[in-house]
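What follows is a set of notes on a single structure, which appears directly below.
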Amino acid sequence: LRRRRIFERCPMATQIEIVRTVADLRTRVRTWQREGENIAMVPTMGAIHKGHMSLVRQAKQLADHTIASIFVNPLQFGPGEDFEAYPRGEARDAALLADAGADLLFVPDGREMYPEGFATTVHVAGLTEGLCGASRPDHFDGVATVVAKLLLQCLPDIAVFGEKDYQQLLVIKRMVRDLNIPVEIVGGAIVREPDGLALSSRNTYLSSDERETAPLLHTTLQQAAHEVASGLALEPTLESAHAALEAAGFRVDYLEARDPVTLVPLSGNVSSARILVAAFLGKTRLIDNVTVPPQS
Ligand code: PAF
């Protein structure tokens, strides 16, 4: 009977076991671990797309069982951001995660995650201070707090996070190292539309005109990466990339080259870097990043 209660039928054919409490999650995880099987976790905020599905497929390659979570985390949205509007659709998300191969879905509600009197914040200094941290001041505290909780609730062997949120990935790696959370953090490659636009749950906010312009973000980054790799200095390269984006209708929040491991700002001529951008198209804030030397 209990098993029937936690199995929920999804309208798109695929079934996945859904647990909603930390206690049920731990019971399930403990059973697998007692059988000597290892576990990978893919935390998400739902609005599942092919990028999340590729993280689940990657996780499946790395472990015996894959657990995905869906929780739209209020702590990582600032005032006036899109917490209320963030796309939600559990049945569709569950079916897509099951299709990608997830074995279990953890969907806590707000009270399960942040019970009355919740008073703890995880803050990762340094890495969170520039880039997205500059324009979204409490964002990474919200991310670090919820990810610390998810990892401690589940205690997977591995957790996979997308490289599109590159600063987030490094913040999570640092937090896990600093707090000795016994989980290996693995990055998943960015998945792009055929025209180069990085997949994001927020792409659904773009109007059709904005959607046509959006791939320029990646084209411009790739061109800058090629120029830097061929010996041009960062400053003039990023300046002309910035001007090209603004001329195309973007409002650039930041466009910077950083050390790929420490995120220290770089200047002059470099042979290795990550170029990161955040830019608004209308009201939609898009982020993306590429490597120097470029991957293609
Ligand atoms: O990248 C995301 O979707 C979220 O920031 C995460 C890691 C699930 C934490 O809420």
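Just follow the structure's listing: the first ligand is 1, and inside any ligand the first atom is 1. All of these numbers come straight from a predicted model, not from anything done at the bench.
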### Query
With clusters built from Ile, Leu, Val, Met, Phe, Trp and Tyr whose side-chain heavy atoms come within less than 4.5 Å, directly or transitively, what are the remaining members of the cluster of Leu234, listed by chain and number?
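For the cluster that includes Leu234, the remaining residues are Leu197, Leu206, Leu216, Leu217, Leu221, Val228, Leu238, Leu245, Phe250, Val252, Leu255, Leu266, Val270, Ile275, Val277, Leu281, Leu286, Val290, Val292.
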
Proximal atoms of ligand 1 relative to [X] (non-hydrogen, under 4.0 Å):
X	answer
Val146	9 (C), 10 (O)
Gln76	4 (C), 5 (O), 9 (C), 10 (O)
Pro43	8 (C)

### Task
Pick one of side chain, backbone, both or neither for how Ile172 approaches ligand 1, counting any non-hydrogen atom pair under 4.0 Å.
neither

### Query
Do NZ/NE/NH1/NH2 and the carboxylate oxygens of Arg285 and Glu210 come within less than 4.0 Å?
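Salt bridge: no.
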
### Query
Is the shortest side-chain N to carboxylate O distance from Glu116 to Arg111 below 4.0 Å?
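Looking at Arg111 together with Glu116, the answer is no, because their closest N to O distance does not fall below 4.0 Å.
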
For residues 139-159, run the donor-acceptor check on the side chains, cut-off 3.5 Å, and write out each pair with its distance to 0.1 Å, sequence neighbours left out.
from   : atom 1 : to     : atom 2 : distance (Å)
His139 : ND1    : Gln76  : O      : 2.9
Asp141 : OD1    : His123 : ND1    : 2.7
Thr145 : OG1    : Val122 : N      : 2.8
Thr145 : OG1    : Asp141 : O      : 2.6
Lys149 : NZ     : Met113 : O      : 3.0
Asp157 : OD2    : Ile39  : N      : 2.7

### Message
Would Asn73 count as a polar contact of ligand 1, with the cut-off being nitrogen or oxygen pairs under 3.5 Å?
### Response
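Not met; the criterion fails.
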
### Query
Looking only at N/O atoms, are Gln168 and ligand 1 under 3.5 Å apart anywhere?
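In this structure, Gln168 places an N or O atom under 3.5 Å from an N or O of ligand 1.
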
### Task
Tell me, with the steps shown, if Arg274 and Asp259 meet salt bridge (charged side-chain N to carboxylate O under 4.0 Å, His left out).
CA-CA 6 Å; Arg274 200 98 189 182; Asp259 179 276; over 6 Å; no

